[in-house]
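Below is one structure; the comments refer to it alone.
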Number of protein chains: 2
Amino acid sequence: MSKQQTIKATESELEILNILWTEGPSTVRAVHEKLAETKDTGYTTTLKQMQVMLEKGLLSRDASTKTHVYTAAVNKEQAQGQMLQRMIETMFNGSAMQMVMQALGSHKTSKAEQELIREYLAKKTKK
Amino acid sequence: MSKQQTIKATESELEILNILWTEGPSTVRAVHEKLAETKDTGYTTTLKQMQVMLEKGLLSRDASTKTHVYTAAVNKEQAQGQMLQRMIETMFNGSAMQMVMQALGSHKTSKAEQELIREYLAKKTKK
DNA sequence: CCAAATGTACGACGATTATCGTAATTGACA
DNA sequence: TGTCAATTACGATAATCGTCGTACATTTGG
């Protein structure tokens, strides 16, 4: 069991990881098509990125058929937690609350979202 | 008022920005000393980074005296908001709640912190 | 007034990123 | 079974990052 010390990924890599996390094991073409919805880069770019990510241990793949199938090799929750933690440390002086407040205060977070968060916390408190 | 389109900063730059945000206008030496508490790089490295950040418009400076004084040129709340938003979009499928849940679920977030967040939200709800 | 000491400027270097062109491979099917 | 369209492999390139050595500039204390 290769314990992944610290997960380090760039913005682009995170995008790819997220696609794999939500879509499950996918081909390069599938990932690329998903990416193409928001950005405009060539197929080989995506391919290369995923090959590099494989090298780094961020992805794994099944190469038994012509069209390889890639899978996220890092745990979603763990990766998210680490990213968040890093952000909290470098930008919010280590305070998760400051970060949550910023997230809730932002106009980009909808009222509905805020309401959901409150409910979640209420439930968590009550338990 | 030069509208900063999108604030883009690396991890290192964020560290420097955060120091300036909390300490206020500072000299390179002051920033470097603060940085030295956690990392171990040379003075000129910090200097160069800050010069690059000046170039990029992330910092401004008063060079009227020998020892220049640098100031964060980007708004703290705006920068934090953008970073958060980007993270929410690329890693949490656009859901702030998913992010908050992850942050609260992490064992790195202390009970005390969680309690504070609950209080904050309770107050916000009551109002 | 001049020599340390303290700062800044400049540029270089290796590593990594994002991007892509082109070559090699392979599997399906006519 | 040979061809062709799709896919992967293999660099190459330009940009950015983090790092620092070294040269140049400027105070300031003796």
Side-chain angles (χ1 to χ4, degrees), chain A residues 5-20 25-71 74 79 83 86-87 89-91, chain B residues 5-20 25-71 74 83 86-87 90-91:
Chain A
Q5 174 59 21
T6 304
I7 298 165
K8 210 159 182 72
T10 67
E11 188 87 1
S12 297
E13 291 173 339
L14 251 3
E15 284 177 45
I16 291 173
L17 274 178
N18 197 47
I19 290 173
L20 260 4
S26 315
T27 63
V28 173
R29 173 120 341 247
V31 170
H32 177 63
E33 233 120 74
K34 204 81 178 141
L35 278 180
E37 288 174 12
T38 35
K39 59 190 331 190
D40 182 40
T41 55
Y43 172 83
T44 49
T45 302
T46 305
L47 170 65
K48 182 65 169 187
Q49 276 178 327
M50 291 176 73
Q51 286 173 338
V52 169
M53 289 172 75
L54 175 71
E55 207 76 0
K56 289 208 240 171
L58 290 173
L59 305 185
S60 61
R61 79 174 169 193
D62 174 3
S64 64
T65 53
K66 175 192 170 187
T67 304
H68 303 175
V69 175
Y70 288 77
T71 312
V74 295
M83 292 288 144
R86 201 161 16 249
M87 187 160 212
E89 269 157 22
T90 67
M91 292 201 73
Chain B
Q5 174 60 22
T6 304
I7 298 164
K8 210 163 181 74
T10 67
E11 189 88 0
S12 297
E13 291 172 340
L14 251 1
E15 283 177 45
I16 291 173
L17 274 178
N18 198 47
I19 290 174
L20 261 2
S26 314
T27 63
V28 173
R29 178 136 317 267
V31 170
H32 177 63
E33 233 120 73
K34 204 81 178 142
L35 278 180
E37 289 173 12
T38 35
K39 59 189 333 188
D40 182 40
T41 54
Y43 172 82
T44 48
T45 302
T46 305
L47 169 65
K48 183 64 170 186
Q49 276 178 329
M50 290 175 73
Q51 286 173 339
V52 169
M53 288 172 76
L54 175 70
E55 206 76 2
K56 289 207 239 173
L58 290 173
L59 305 184
S60 60
R61 80 176 169 192
D62 174 3
S64 63
T65 55
K66 174 193 169 187
T67 304
H68 303 177
V69 175
Y70 288 77
T71 312
V74 294
M83 292 288 146
R86 205 167 7 253
M87 186 161 214
T90 67
M91 292 200 74

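Sequence lines set the chain letters: A, B, ... in the order given, protein chains first and strands last, and positions in each chain run from 1. The structure presented is a predicted model; accordingly, all values stated were derived computationally and were not measured.
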To the nearest 10°, let me know how far the axis at one end of the helix from C:dC1-D:dG30 to C:dA30-D:dT1 is tilted from the axis at the other, five pairs an end.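 The end axes of the helix from C:dC1-D:dG30 to C:dA30-D:dT1 are about 10° apart, to the nearest 10°.
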
- Separation between CZ of A:R86 and OG1 of A:T6, rounded to the nearest 0.5 Å: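 Reported to 0.5 Å precision, the distance equals 7.0 Å.
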
For the CE atom of A:M50 and the CD1 atom of A:I19, what is their distance to the nearest 0.5 Å?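 With rounding to 0.5 Å, CE (A:M50) is 8.5 Å from CD1 (A:I19).
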
Compare all side-chain heavy atoms of [X] with those of [Y] and state whether any distance is below 4.5 angstrom.
{"X": "B:M53", "Y": "B:L17", "answer": "yes"}
{"X": "A:L14", "Y": "B:M87", "answer": "no"}
{"X": "A:T90", "Y": "B:M83", "answer": "no"}

For a quick test of your reading: what N or O donor-acceptor pairs under 3.5 Å do the side chains of residues 59-68 of chain A make, sequence neighbours left out?
residue	atom	partner	partner atom	Å
A:R61	NH1	A:H68	ND1	3.4
A:R61	NH1	A:Y70	OH	2.9
A:D62	OD1	A:S64	N	2.9
A:D62	OD1	A:S64	OG	2.7
A:D62	OD2	A:S64	OG	3.4
A:T65	OG1	A:T67	O	3.1

Minimum heavy-atom distance [X]-[Y], with the two atoms named:
{"X": "A:V69", "Y": "A:P25", "value": "CG1-CB, 3.8 Å"}
{"X": "B:S26", "Y": "B:L20", "value": "OG-CD1, 3.7 Å"}
{"X": "A:G57", "Y": "A:V74", "value": "O-CG1, 4.1 Å"}

- Task: Could you pick out which residue, B:T65 or A:H68, lies toward the 5' side of DNA chain D when each is mapped onto its nearest nucleotide?
- Result: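 Per heavy-atom nearest nucleotide, the more 5' residue is A:H68.
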
Can you sort out the partners of A:N18 under side-chain hydrogen bond (donor to acceptor under 3.5 Å, both in side chains), two or more places apart, ordered by chain and number?
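Only B:N93 meet the side-chain hydrogen bond (donor to acceptor under 3.5 Å, both in side chains) criterion with A:N18.
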
Problem set entry | Contacts of A:E13 that satisfy side-chain hydrogen bond (donor to acceptor under 3.5 Å, both in side chains) - sequence neighbours left out |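 Applying side-chain hydrogen bond (donor to acceptor under 3.5 Å, both in side chains) to A:E13 gives A:K56.
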
Just to be sure I understand the geometry, which residues of residues 39-46 of chain A put a non-hydrogen atom under 4.0 Å away from DNA chain C?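 Result for residues 39-46 of chain A: A:T41, A:G42, A:T44, A:T45, sorted by number.
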
Within residues 47-55 of chain B: residues closer than 4.0 Å to DNA chain C (heavy atoms):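 Heavy-atom cutoff 4.0 Å gives B:L47, B:K48, B:Q51.
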
Under 3.5 Å, sequence neighbours excluded: what are the donor-acceptor pairs made by side chains of residues 36-49 of chain B?
residue	atom	partner	partner atom	Å
B:T38	OG1	B:L35	O	3.2
B:T46	OG1	B:H32	ND1	2.8

For B:E33, all residues meeting side-chain contact (heavy atoms from CB on, under 4.5 Å), sequence neighbours excluded:
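Once residues adjacent in sequence are excluded, the partners of B:E33 under the side-chain contact (heavy atoms from CB on, under 4.5 Å) criterion are B:R29.
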
Query raised in the report: Please walk me through it: do B:L58 and B:V52 pass side chain to side chain contact (heavy atoms under 4.5 Å, CB included)?
Result: CA-CA 9 Å; B:L58 290 173; B:V52 169; over 6 Å; no

Which nucleotide span of DNA chain C, 5' end to 3' end, has atoms closer than 4.0 Å to non-hydrogen atoms of chain A?
->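 Counting from the 5' end, contacts occupy C:dT17 to C:dG27.
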
For chain B and DNA chain D, what are the first and last nucleotides along the strand, 5' to 3', with at least one atom under 4.0 angstrom from a heavy atom of the protein chain?
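Answer, 5' to 3': D:dC17 to D:dT27.
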
**Asked** What residues in residues 10-18 of chain B put a non-hydrogen atom under 4.0 Å from any atom of DNA chain D?
**Response**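 Hits under 4.0 Å, by residue number: B:T10, B:S12.
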
